[in-house]
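Read through the structure below, which is laid out as structure tokens, and then see the notes.
Every value quoted in this text rests on a predicted model; they were computed, and no experiment measured them. All chains are named by letter (A, B, ...) in the order of the sequence lines, taking the proteins before the strands, and each is independently numbered beginning at 1.
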Amino acid sequence: MSEGLNPAQQIAVSHHAGPLAVIAGPGSGKTRVMTHRIASLISTGVSPSSILAITFTNKAADEMLRRTLTLLPDAMGARLPASGFLGPSSLDLDDGTPVLRTFHSFCARLLRRYIHRLEPYSSNFSIYDSADQLQLVSEVLKNLQLDRTSFPPKATLSKLSHWKNQMASPEQVSEDSATFRDREMARIYFRYQELLEERNAADFDDLLLLLVRLLREHPDVLESLRNRFNFVMIDEFQDTNRPQYLIAKLLAEQHRNLCVTGDPDQSIYSWRGASQDNYLRFREDFPEYSIVTLDQNYRSTPQILEVASRLSGTDFGERKLFTKNESGPEVRVLQVRDERAEAARIADLIENWQADGVSSSEIAILYRVNALSRTFEEEFVRRRILYSVIGGMSFYERKEVKDILAYLRAARSTRDDVALQRIFNVPTRGIGKVSIERFVDAAGDAGRTLGEHLRCDDALDALRGKAKKGVEQLRKVLETLSSNSKKSLTDQVQLAIEASGYLPHLEKSEPESWQERERNLAELVAAASETEEILSSVSSRAAASGEEFEQIDALSLFLERIALVTNAEMKSTKDGQVSLMTLHSAKGLEFDRVVIIGVEETLIPHSRHGEPEGIEEERRLLYVGVTRARRELVMSHASWRRRFDHREPRLPSSFFTQLEGTSIVFEQGDSREGSHRGWEQDSFGHIPDDSFQEEDDGIHPGSWIRHEILGRGVVLSAQGHGASKRISVRFEQGGEKQLVVAYAPVTPISPPDDEWNSP
DNA sequence: CCTACTTGTTTTTTT
DNA sequence: AACAAGTAGG
């Protein structure tokens, strides 16, 4: 069982009882340790179903289960399901497997069973995704007659989420608020929470908070869960927030078998409430803990680790990663003109790799913000490079898909008003703004939710004409759907599309894109039938083994899956596709070749960071990106980048200054010239310092340069060569500045009085 | 009172 | 460039 493990890994694997913290650097075999530890527990007689392992994504959960199964004796592995979001980890089916889930899906599943114990929720509660939340915030603003420009819904929502992750109640926030604005925000929070309850809905944060409440207020539930889960493991502990920690603590404080694994250097979710405090809390609550540090890296070349180590270490400098891996190519930094040149240059690179036999699925393009994927997608389409964008606008966020799902939700729950409002006049059925307002007021006066009101006889009294007919029509559609709720899930989805008259509406209102949107709806039906298949296989296995389990209705499961399983995880990663994703979603993954694009100031570090902790987190984010690479790492930055509809000059990331003196190679130039300079081929040796000298870069004392942000200036002095050539410049706007030529977007220009031609 | 068109704003990261 | 709120016509 401990085959091929290093001593530190072995200690972690064989530590079974009592609290354990594993500090695991990138590529140090953390997943290996976790899977071996689970297998090791089972081999000493621990019942698999008494093991709970919380992972950061559903994909990681599946992967971990798969790898654990291969470590178990065949007989045991064979009777366990291969994979799937509800098969192996269904809480309601004690099928003998360890429960591997994310916090959110673990909570959702428990709440489905127990939420009726928490007033006023009932088991068909809805899970609100960010679009639903946004709609709810907008409604609250309207409700409180606040203006959306001074309370931008998105910013407001993230403030609410922040409070919720701190576990501050609306009342507390209200008490603590000093300014008028703060008090208004507290009112929004209060009303928002009130509406969620009324609507029998939980947002993502609520899933965690409601479970904490359930465990605290209902000792019998807590008791039964403690009895069931004798061993609790939390992965990516550095990215857990307060409610998540509390759940872990509540479950484990009695038997104390809590194992947390993580890496403080990879903490990148503080904006979601993740906090290093959880390590402190762990130490306080479980003082008898043991600690194991895994610092041998098995993933990357020394070149990559050298760069990584420059980016880590301010916080936890004591710990240094090392590797025995063999040397690889130098880490390269490409400087390009703009985002199109960047895409072209990197497409070249990818084609070269492919020609060398590198599999596309071993190549990843990473970026700070989703918007950067666009140019690459266009370029890849043009060049016929197969790719897959992970994350971003997901399938289930598509308008047409959300609309049909809203029909299903509104039919299923009379309290899900966000869903109902979404489809009130979609397709258009003559119910305008004014009529909706009247209807809402009437419902409010009657003390009902919209859904309840709609189903009452007096619902239509306030309306006349077209609007009245329209509401009648809507009511009929929902009635049809509700009365067919016993039908198969696939039929229900199909029926929602038909009864709503959605397809004709699409063709009329979306002349450009209706065909694609129709295909998306067909895919939705397919997804429903897939869910159904999984569910029926679970039920039949349960029936065969004579075990009892609480059947959750298929629609609830379908909606839950859609809300909690991200697009990235739904898409079966096909071979032969280059992956494009944000640095955040790259966490936990590894690739042979990694390209990090847009390594520019205001992007990495992002301009919205808070000082100075924010910068630290941005640095860790780059660290995470860098350490995804096994063999080759390339970073790029452009001198210009399109934002909205104008070109902006860009500066290279200030993080590059931390990399000075490493053996990274800087390459300038675009697609055509770039890859054919002699010195790049020699990737193993040190770049000779005079490599740049051969070509006159036109930058000498006395010559003029233009800096794309700072403007024109005259070079006062120059030292060094090549990548380390520094110049001192006096700018026209005033001020002197030291610049590293390779980093700074400077171009030699003729002395002033010349015409100013901007690129 | 509804709908189609015009105008202004928007992009950090995710369960 | 895409999406919501605001405005005029029907």
Just the rounded figure in Å: distance from [atom2] of [N] to [atom1] of [X].
X        : N      : atom1 : atom2 : value
A:Ile604 : B:dT13 : CD1   : P     : 12 Å
A:Lys154 : B:dT12 : NZ    : P     : 7 Å
A:Glu139 : C:dA4  : CD    : C1'   : 17 Å
A:Gln133 : B:dT15 : CD    : P     : 13 Å
A:Phe151 : C:dA4  : CZ    : P     : 22 Å
A:Ile390 : B:dT15 : CD1   : P     : 12 Å
A:Lys468 : B:dC1  : NZ    : P     : 15 Å
A:Glu618 : B:dT13 : CD    : C1'   : 8 Å

Does A:Arg561 qualify as a cation-pi partner of A:Phe558, given the criterion of NZ or CZ under 6.0 Å from the six-membered ring centre and within 45 degrees of its axis? no
Should the pair A:Arg199 and A:Tyr121 be classed as cation-pi, given the thresholds of under 6.0 Å to the six-membered ring centre and 45° from the axis? no
Closest approach of A:Leu258 and A:Ile234, non-hydrogen atoms and distance? CD1-CG1, 3.9 Å
Might you point out which heavy atoms bring A:Glu618 and A:Pro605 nearest each other, and give the distance in Å? OE1-CA, 3.5 Å
Can you list everything that forms a ring-ring contact (aromatic ring centres under 6.0 Å, His included) with A:Phe103? Sequence neighbours excluded, please. none
Using OP1 and OP2 only, check whether a side-chain N or O of [X] sits under 4.0 Å from [N].
X        : N      : value
A:Arg643 : C:dA1  : no
A:Ser105 : B:dT15 : no
A:Thr57  : B:dT14 : no
A:Asn370 : B:dT14 : yes

Side chains of A:Asp416 and A:Tyr128: any donor to acceptor distance under 3.5 Å? yes
Both A:Ser138 and A:Arg374 contact DNA chain C. Which one's nearest nucleotide lies toward the 5' end? A:Arg374
Partner set under side-chain contact (heavy atoms from CB on, under 4.5 Å) for A:Glu648, not counting sequence neighbours: A:Arg643, A:His646, A:Arg650
By centroid distance (under 5.5 Å) and plane angle (under 30°), are A:Trp271 and B:dT13 in a stacked arrangement? yes
State which of B:dT11, B:dT14, B:dT15 makes the closest approach to the side chain of A:His104. B:dT15
Starting at the 5' end of DNA chain B, which residue's closest nucleotide do you reach first, A:Phe103 or A:His606? A:His606
Heteroatom pairs (N/O) under 3.5 angstrom, protein to nucleotides 2-7 of chain B:
| residue | atom | partner | partner atom | Å |
| --- | --- | --- | --- | --- |
| B:dC2 | OP1 | A:Gly432 | N | 2.9 |
| B:dC2 | OP1 | A:Ser435 | OG | 2.3 |
| B:dC2 | O5' | A:Gly432 | N | 3.4 |
| B:dT3 | OP2 | A:Asn425 | ND2 | 3.4 |

